[in-house]
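Heads up: the structure comes next, in structure tokens.
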Protein chains: 2
Amino acid sequence: MKPKKRTTIYDIAEKLNIAASSVSRALNNNSIINEETRRLVHATAAELNYKVNTLASNLRKGESKTIGVIVPRINQNFFSNVIAGIEEASYKKGYNLIICQSNELREKEIQCVNTLINQHVDCIVISVSAEGGDYAHLQSVIDSGIQLIQFDRVAKELETLKVINDTEQISMKAVSHMIEQGYKRIALLEGPQNLDIFKQRKEGYLKALKKHHMPVNDELIVENAWTKELGAEGTKRLLNLPQPPDAIFASTSDFSALGVLEVALAMGIKVPSELGICGYSNEAFTEITSPSITTIDQFSIDMGKTIAELFFKEMGKDASSRKPKTIRIKPSLIIRASTNRKDKK
Amino acid sequence: MKPKKRTTIYDIAEKLNIAASSVSRALNNNSIINEETRRLVHATAAELNYKVNTLASNLRKGESKTIGVIVPRINQNFFSNVIAGIEEASYKKGYNLIICQSNELREKEIQCVNTLINQHVDCIVISVSAEGGDYAHLQSVIDSGIQLIQFDRVAKELETLKVINDTEQISMKAVSHMIEQGYKRIALLEGPQNLDIFKQRKEGYLKALKKHHMPVNDELIVENAWTKELGAEGTKRLLNLPQPPDAIFASTSDFSALGVLEVALAMGIKVPSELGICGYSNEAFTEITSPSITTIDQFSIDMGKTIAELFFKEMGKDASSRKPKTIRIKPSLIIRASTNRKDKK
DNA sequence: TAATTCTTTGCAATCGATTGCAATTTAAAA
DNA sequence: TTTTAAATTGCAATCGATTGCAAAGAATTA
């Protein structure tokens with residue numbers, strides 16, 4: 001099969017007429033090995049094009065120097081940015097990433113978790129799928145003694161490390177901003193309420209209304225509008241109400257905000273003067289639509305780095321002293337044209 | 001460290017008073033094991049919450065069921081889509097992905113390659129970094145007997161499997177399209193010419209001009225303009241020429257096309273009537289700028305799937321019968337408003 | 001010169017699963 | 001009842017690297 005067997009420490013040992021253990025120690029610059037033999041071993045290793053077998057090494061050492069990452073979709077801006085952040089920070093420490101996508105499916109998520117446990121990863125980083133259900137599979141990660149870090153979409157009942165955005169607070173800020181811009185009837189496009197992050201976005205919306213003594217109007221709340229198409233659909237319904245909204249907080253995503261914008265423009269409704277729009281995520285395109293879309297930046301790359309750093313920091317501790325811990329990253333409201341009807345630059 | 005030692009086949013064997021080898025065979029539903037013991041082993045495994053140690057298994061079997069992927073940046077639309085495609089196809093076959101990013105740096109790319117070789121991955125999939133240099137590190141992948149698949153940005157001198165777009169042809173088509181729309185002075189924003197794909201895009205541009213008997217004008221060719229900022233900069237220079245272009249093919253990326261668009265709009269130049277723009281990659285935003293941007297779709301997810309399928313197909317063959325092979329995926333020209341000054345919908 | 005300490009090296013077990021081959025048990029055939 | 005074949009199971013080596021412990025050699029001290 002393989003063309004030639006790969007060189008092992010035994011090959012080096014044989015060639016130099018020393019023991020494999022000495023070769024191992026020499027290669028790890030480890031123990032108190034004679035400088036001369038150390039040099040010899042390294043030279044021979046280079047000559048024979050030796051590469052360690054990480055599998056063997058990890059098996060023996062009982063670690064894998066690998067972090068498993070499970071996200072709903074790899075090719076979603078937010079997630080790919082988080083992954084990029086994790087990768088950058090872990091690579092520096094000599095850790096590799098195994099990436100899986102759950103496709104928002106519980107069943108596949110369970111499969112991924114099992115694969116990663118079998119791979120003996122040192123840590124599993126996960127943003128749970130939207131499908132919901134119980135979290136026995138995540139519990140079993142913990143039981144296996146593998147560090148579990150949840151981010152963004154977290155199962156809050158599980159006592160693990162968590163890295164999340166301060167979602168409620170920023171949502172409140174976004175809606176307050178719209179109120180301050182003079183919008184009176186603000187609608188909400190909400191996401192699946194079994195995911196905490198969407199619940200919190202709604203909560204922020206409600207709190208902002210309450211704080212400004214504005215009524216909550218159920219007909220202005222549209223469920224499950226988290227794609228561009230669903231956002232557009234919901235918007236049509238909203239704008240055809242007897243009393244249509246004068247602003248829409250697309251709390252699910254910028255894509256749904258885009259749907260809102262397109263429908264509004266198609267119906268000849270002026271943004272932001274007649275309709276304010278705020279999205280979520282700061283996708284690249286929000287900056288360049290016309291008008292540009294107000295949105296929320298989640299600092300996704302930083303989030304990735306934070307996750308990796310958290311893992312390395314907690315790594316030393318043994319299981320008994322592991323405590324659940326939540327790191328909040330403050331997102332930032334990016335005010336653009338789509339909600340800006342007062343301040344002219 | 002770990003709270004409790006994980007169950008191994010020996011634990012199961014001991015509990016049932018049989019040999020570990022029998023347990024192994026039973027778990028693999030493999031050999032001719034007695035149905036009764038098979039059931040017993042499975043039951044006990046479940047009861048003890050047994051999970052195989054893939055490290056050990058792989059070490060013994062000399063394979064890793066893992067594919068290593070190296071891309072310049074994980075969080076670039078094109079790459080994250082390719083990765084998503086690879087992941088989807090390989091997961092079905094029980095293969096995992098280890099992802100690395102080279103950050104466009106040769107040095108890091110070499111590191112990644114070594115890590116993946118050490119990990120004993122069964123295949124390395126790579127899109128080379130822009131930095132260039134020799135490809136000794138890729139040669140050493142081949143020498144290690146690891147399947148090497150290059151995609152998109154390939155080192156053509158290396159005899160490996162390759163999955164690429166039909167870049168030259170589609171570039172020619174894009175430029176021809178602009179010519180047919182009546183543009184007379186078409187400029188080119190080109191990428192680093194040490195990467196083949198950018199060379200081919202230029203080649204397609206040149207061929208289209210030649211085919212339509214149009215002169216090649218060196219002052220209309222801008223080097224190394226592959227970010228939005230560089231694209232914008234180059235555009236300013238172009239539009240301030242005594243004889244400015246009436247169309248720009250931003251062959252490097254949609255981002256640079258976006259730079260072009262912004263500069264044009266800022267200068268009060270009408271798109272597409274006074275200036276045609278064509279980008280490359282079909283980023284999500286090209287659809288929603290105004291005017292929307294003509295671009296080229298590379299079918300990135302399909303490309304990922306194709307890569308994985310190619311690997312699985314070639315996997316069976318032994319090293320000696322491995323032949324270099326190139327699969328071309330035909331990209332598609334997506335004509336939008338930014339070049340459409342004739343046909344009105 | 002003998003006793004003691006410090007360096008350096010080797011032996012052998014270990015990590016957990018797999019597998020060729022031999023051994024044992026059971027069933028079928030003679 | 002004996003012989004032969006088939007079905008199961010176990011033994012022990014193996015994958016490649018690491019590491020505790022003992023041994024050998026070199027250097028230092030009494």
Side-chain angles (χ1 to χ4, degrees), chain A residues 1-2 4-42 44-45 48-66 117-122 144-145, chain B residues 1-2 4-42 44-45 48-66 117-122 144-145:
Chain A
M1 200 70 66
K2 305 286 171 185
K4 39 181 181 259
K5 221 174 71 38
R6 284 163 58 152
T7 354
T8 70
I9 51 170
Y10 297 99
D11 300 324
I12 301 177
E14 191 176 12
K15 179 146 189 193
L16 293 177
N17 235 337
I18 60 179
S21 51
S22 296
V23 176
S24 170
R25 284 191 263 252
L27 288 172
N28 291 314
N29 298 316
N30 209 343
S31 176
I32 22 128
I33 270 284
N34 183 278
E35 177 57 23
E36 174 61 14
T37 38
R38 203 190 67 79
R39 267 222 325 283
L40 253 164
V41 168
H42 271 99
T44 316
L48 297 181
N49 190 28
Y50 168 80
K51 314 254 176 184
V52 302
N53 185 330
T54 315
L55 290 181
S57 167
N58 288 341
L59 172 60
R60 176 60 226 251
K61 294 200 283 194
E63 59 173 24
S64 67
K65 291 244 179 191
T66 299
I117 295 181
N118 294 349
Q119 287 275 352
H120 268 239
V121 296
D122 297 333
S144 307
Chain B
M1 201 68 65
K2 306 288 170 185
K4 38 181 181 260
K5 220 174 75 27
R6 283 163 62 150
T7 352
T8 70
I9 50 170
Y10 297 100
D11 299 324
I12 301 178
E14 193 176 8
K15 179 145 189 195
L16 293 177
N17 236 334
I18 59 178
S21 50
S22 298
V23 175
S24 170
R25 285 190 264 253
L27 288 172
N28 292 314
N29 298 316
N30 210 344
S31 176
I32 21 125
I33 269 283
N34 183 278
E35 177 57 22
E36 174 61 13
T37 39
R38 204 190 65 79
R39 268 221 325 283
L40 254 166
V41 168
H42 273 97
T44 316
L48 298 181
N49 190 29
Y50 168 79
K51 314 254 176 184
V52 304
N53 184 330
T54 315
L55 290 180
S57 166
N58 289 342
L59 172 59
R60 178 58 225 258
K61 294 200 285 197
E63 59 174 23
S64 68
K65 292 244 176 189
T66 299
I117 295 181
N118 294 349
Q119 286 275 352
H120 268 239
V121 296
D122 296 333
S144 306

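In the text below, chain A, chain B and the rest are named by the order of the sequence lines, each starting its count at 1.
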Go through the N and O atoms of the side chain of A/Arg60 and the base of C/dG16, and report whether any donor-acceptor pair is under 3.5 Å.
-> no
A/Arg38 meets the salt bridge (charged side-chain N to carboxylate O under 4.0 Å, His left out) criterion, sequence neighbours left out, with A/Glu35
Nearest listed nucleotide, side chain of A/Tyr10, among C/dG10, C/dT9, D/dA17 = D/dA17
Could you check how far CG of A/Leu59 sits from C1' of C/dA17, rounded to whole Å?
-> 9 Å
What's the CD1-P distance between A/Ile9 and C/dA12, to the nearest Å?
-> 16 Å
Could you give the CG-to-P distance, from A/Leu16 to C/dG10, as a whole number of Å?
-> 10 Å
Figure out the CG/P separation between B/Asn118 and D/dG16, and round it to whole Å.
-> 14 Å
Taking side-chain hydrogen bond (donor to acceptor under 3.5 Å, both in side chains) as the test, write out the residues that go with B/Lys65, two or more places apart.
-> none
C/dT14, C/dT19, C/dT9: which one has an atom nearest the side-chain heavy atoms of B/Lys61?
-> C/dT19
Would you kindly give the CG-to-P distance between A/Asn34 and C/dT8, to the nearest whole Å?
-> 5 Å
For A/Asn58, the side chain to side chain contact (heavy atoms under 4.5 Å, CB included) test, sequence neighbours excluded, returns A/Thr54, A/Ser64, B/Leu55
Less than 4.5 Å apart, any side-chain heavy atom of A/Val41 and any of A/Thr44?
-> no
OP1 or OP2 of D/dT18 less than 4.0 angstrom from a side-chain nitrogen or oxygen of A/Asn28, does that happen here?
-> yes
Nearest-angstrom distance from the residue atom CD1 of B/Ile33 to P of D/dA6 = 19 Å
Residues two or more places apart in sequence or in another chain: which of them pass side chain to side chain contact (heavy atoms under 4.5 Å, CB included) with A/Ser57?
-> A/Lys61
Closest to side chain of A/Thr37, choosing from D/dG16, C/dT9, D/dG10 = C/dT9
Heavy atoms only: give me the nearest A/Thr7-A/Tyr50 pair and the separation to one decimal.
-> O-CD1, 3.3 Å
For residues 12-22 of chain A, dump all side-chain donor-acceptor pairs below 3.5 Å to protein atoms at least two apart in sequence or in another chain.
| unit_1 | atom_1 | unit_2 | atom_2 | d |
| --- | --- | --- | --- | --- |
| A/Lys15 | NZ | A/Glu47 | OE2 | 2.8 |

Does any N or O donor sit under 3.5 Å from an N or O acceptor when you compare the side chain of A/Arg6 with the base of D/dG16?
-> no
A/Arg25 has an atom CZ; how far is it from atom P of C/dT7, in whole Å?
-> 15 Å
Starting at NE2 of B/His120 and ending at P of D/dC15, how long is that distance when rounded to a whole Å?
-> 12 Å
DNA chain D-proximal residues of residues 17-24 of chain A, any heavy atom under 4.0 Å | A/Ser21, A/Ser24
Given C/dT8, D/dT19, C/dA17, which nucleotide is nearest the side-chain atoms of B/Thr8?
-> C/dA17
